[in-house]
Amino acid sequence: MICFEPLLTLSGNLCSCYVPIEDANSIDWKKPVKIPGSCCCGAVKFELSEEPSFIGTCHCSRCRKVGASTIVFVNKANLTWLQGKEKVRVFEATKPYIYNRCFCKICGSSLGEILSKEDSFPIAANALDGEIDLKNRSHEFVGEKPSWYEICDDAPQNDNHPE
């Protein structure tokens with residue numbers, strides 16, 4: 001089968017000409033995912049090559065204070081640093097907490113656990129600049145939620161981390 005594929009210019013714009021493709025069935029037509037992320041001041045920039053696997057909201061006082069209540073789980077292999085990794089600082093957890101939190105040393109934007117050594121880890125959803133096709137799937141530590149905050153979705157609510 002012969003079909004035609006649009007050409008992209010070097011700047012990534014669509015060209016008005018087309019080139020023939022001998023075997024259209026051998027082409028992977030799925031466009032690669034590139035989800036940009038950054039801190040508020042732009043000193044820290046990264047990119048995800050796949051959508052996060054999970055999105056959830058933690059209502060514990062610590063996550064609320066560091067600005068990382070809504071988190072997305074990403075795979076380390078899908079995260080590419082574009083700039084500013086050296087500008088990320090870590091707030092070390094103290095008991096009873098066990099998770100460290102990362103932030104930009106310039107503007108203070110929360111970045112979740114972006115420097116984690118684990119294969120999968122949470123980053124702050126608010127650090128993503130692009131859209132993701134996920135809806136909140138869980139609420140944890142709902143007993144620590146402030147009274148002024150109303151949960152307005154149907155995601156399961158947990159007193160601790162979901163199992």
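At distances below 3.5 Å, at least one donor-acceptor pair connects side-chain atoms of Ser110 with backbone N or O atoms of Val66. Distance alone, capped at 3.5 Å, is enough to place a donor-acceptor pair between the Gln83 side chain and the Gly42 backbone. For the pair Asn78 (side chain) and Ser49 (backbone), a donor-acceptor distance under 3.5 Å is absent. Under the 3.5 Å distance criterion, the side-chain polar atoms of Arg89 are matched with a main-chain donor or acceptor of Glu86. A donor-acceptor pair is defined here as one N or O able to donate and one able to accept, closer than 3.5 Å; no such pair exists between the side chain of Glu47 and the backbone of Thr80. In this structure, the side chain of Arg101 does not engage the main chain of Gly112 through any donor-acceptor pair within 3.5 Å.
Note that NZ of Lys135 is 12.5 Å distant from CG of Asp154, once rounded to the nearest 0.5 Å. Distance check: His139 NE2 to Lys145 NZ gives 10.0 Å after rounding to the nearest 0.5 Å. With rounding to the nearest 0.5 Å, the separation of CD1 in Ile132 from CG in Leu48 is 9.0 Å. Remark: Leu115 CG to Ile123 CD1 distance equals 11.0 Å, nearest 0.5 Å. Note that the OG atom of Ser120 and the NZ atom of Lys76 stand 10.5 Å from one another [nearest 0.5 Å]. Going from atom CG of Asp159 over to atom CD of Gln157 covers 9.5 Å, rounded to the nearest 0.5 Å.
In this structure the side chain of His59 reaches within 4.5 angstrom of the side chain of Ile151, judged on heavy atoms. Under the 4.5 Å side-chain criterion, counting only non-hydrogen atoms from C-beta, Asn126 is not in contact with Leu128. Counting heavy atoms from C-beta on, the side chains of Ile106 and Val44 never come closer than 4.5 Å. Here the side chains of Cys39 and Cys107 are in contact, with some heavy-atom distance below 4.5 Å. With a 4.5 Å cut-off on side-chain heavy atoms, Phe54 and Val72 do not count as touching. A 4.5 Å side-chain heavy-atom check between Ile114 and Trp81 finds at least one atom pair inside the cut-off. Side-chain contact check for Val88 versus Leu111: some heavy-atom pair is nearer than 4.5 Å. By the 4.5 Å heavy-atom criterion applied to side chains, Cys41 and Ser109 are not counted as neighbours.
A side-chain N or O of Asn158 and one of Ser138 form a donor-acceptor pair less than 3.5 Å apart. Between Thr57 and Thr70, the side chains place a donor N or O and an acceptor N or O closer than 3.5 Å (distance only, hydrogens not considered).
Note on Phe103: it does not cluster hydrophobically with Leu79, by side-chain heavy-atom contacts below 4.5 Å among ILVMFWY residues. The cluster map of Ile, Leu, Val, Met, Phe, Trp and Tyr, joined by side-chain heavy atoms under 4.5 Å apart, puts Ile71 and Tyr149 in different clusters.
Between Gly56 and Asn136, the closest heavy-atom pair is CA-OD1, 3.1 Å. Heavy-atom minimum distance, Pro156 versus Arg137: CD-O, 3.2 Å. In this structure, Lys45 and Ser38 approach most closely via the heavy-atom pair CG-CB, 4.0 Å. The two residues Phe141 and Cys60 have their closest heavy-atom pair at CB-N, 3.8 Å.
Open room surrounds CZ on Phe91; 12 or fewer heavy atoms of other groups in view lie less than 6.0 Å from it. Within a 6.0 Å radius of OH in Tyr99, no more than 12 heavy atoms belonging to other residues, nucleotides or ligands are found.
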